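Bear in mind the structure is a predicted one, so any value in this text is a computation, not a measurement. Every number for a ligand or one of its atoms is a count from 1 in the order of the listing. Heavy-atom basis, side chains included; hydrogens, waters and symmetry copies ignored.
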Amino acid sequence: MAAFVKPVIAGNWKMHKGPSQTREFFSRFIELREATADRTILFFPPAVSLAAAVEALAGRPDLLLGVQNSHWEREGAFTGEISPGMARDAGARFALIGHSERRHLFGETNEEVGRKVAAAFEAGLTPVVCVGETLEEREAGRLEEVILGQLDAAIEGIAPELVAQMILAYEPVWAIGTGVNATPEDAADAHGRLRRRLAERIGDDRAAEVPILYGGSVKPNNAQALLAAPDVDGLLVGGASLDPESFAAITRS
Ligand code: PGA
């Protein structure tokens with residue numbers, strides 16, 4: 001797996017857009033956004049829309065795809081789940097792992113996140129691991145303990161050369177879908193802590209390779225300032241990635 005050109009700008013569609021809306025989105029987005037080699041752009045549509053996305057992006061190898069979740073087993077009696085190998089077969093190259101909605105609405109634990117990361121690597125997917133604290137945790141002074149604990153659990157037992165190939169996303173829970181983004185200073189502070197912990201685990205050079213994305217109420221009007229912050233190597237965009245115009249604007253930031 002090659003290193004990714006930074007910045008990495010990713011759109012997480014969550015439970016929005018079936019195949020028809022996916023085709024509509026991409027027919028417009030492709031008109032708006034010329035191919036580029038100076039950044040990495042990727043999308044996380046719902047898994048049922050992956051085939052439509054692959055077809056719509058056939059002429060645009062610069063636009064990459066991933067799934068929003070994948071299981072740790074390769075196959076088996078796990079109704080409703082998809083494995084990373086299946087996702088890869090369907091055209092995904094990335095898997096979001098440990099998004100806060102998975103953690104908080106579906107009870108995903110740090111330990112499960114670790115198993116999912118290992119399975120994603122094994123299947124040849126790049127994990128995009130999400131970490132982030134709640135408002136309560138931040139106000140209790142537990143920011144570092146929470147996000148570094150999430151990071152440690154996600155990479156436990158994974159070879160340093162693989163860890164160097166992942167993508168990390170800092171998404172403070174209080175900023176997701178709320179319209180209240182972290183300030184560039186808050187983002188830089190959290191990203192710096194994550195980078196230092198990565199460096200302790202895998203060394204400075206490898207830690208520097210890992211793109212650390214910021215997510216949480218990213219919009220066209222704040223994207224540039226967030227991207228300019230130290231240690232912010234990209235953006236993970238939810239709501240504003242659903243509209244081709246606004247996401248195209250963010251990819252130009
Ligand atoms: P938001 O979501 O941009 O709508 O805040 C971000 C995310 O959950 O990845």
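With contacts defined as side-chain heavy-atom distances shorter than 4.5 Å, the pair Ile97/Asn69 does not qualify. The shortest distance between side-chain heavy atoms of Ser241 and Phe44 does not fall below 4.5 Å. Taking the side chain as every heavy atom from C-beta outward, Val117 and Trp72 never approach each other to under 4.5 Å.
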task: Would you sort out whether Phe29 and Phe43 count as a ring pair (Phe, Tyr, Trp, His ring centres under 6.0 Å), showing the intermediate values?
output: CA-CA 12 Å; Phe29 187 80; Phe43 295 88; 5.3 Å; yes

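Across all non-hydrogen atoms, the minimal contact from Ala248 to Thr251 is O-OG1, 2.7 Å.
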What short N/O contacts, under 3.5 Å, does ligand 1 make with the protein, listed by atom pair and distance?
residue  : atom  : partner : partner atom : Å
ligand 1 : 2 (O) : Lys14   : NZ           : 3.3
ligand 1 : 3 (O) : Gly238  : N            : 2.8
ligand 1 : 4 (O) : Gly239  : N            : 2.8
ligand 1 : 5 (O) : Gly177  : N            : 2.6
ligand 1 : 5 (O) : Ser217  : N            : 2.7
ligand 1 : 8 (O) : Lys14   : NZ           : 2.8
ligand 1 : 8 (O) : His99   : NE2          : 2.7
ligand 1 : 9 (O) : His99   : NE2          : 3.3
ligand 1 : 9 (O) : Glu171  : OE1          : 3.2
ligand 1 : 9 (O) : Glu171  : OE2          : 2.7

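For CD of Glu200, the number of neighbouring non-hydrogen atoms (other residues, nucleotides, ligands) closer than 6.0 Å is greater than 12.
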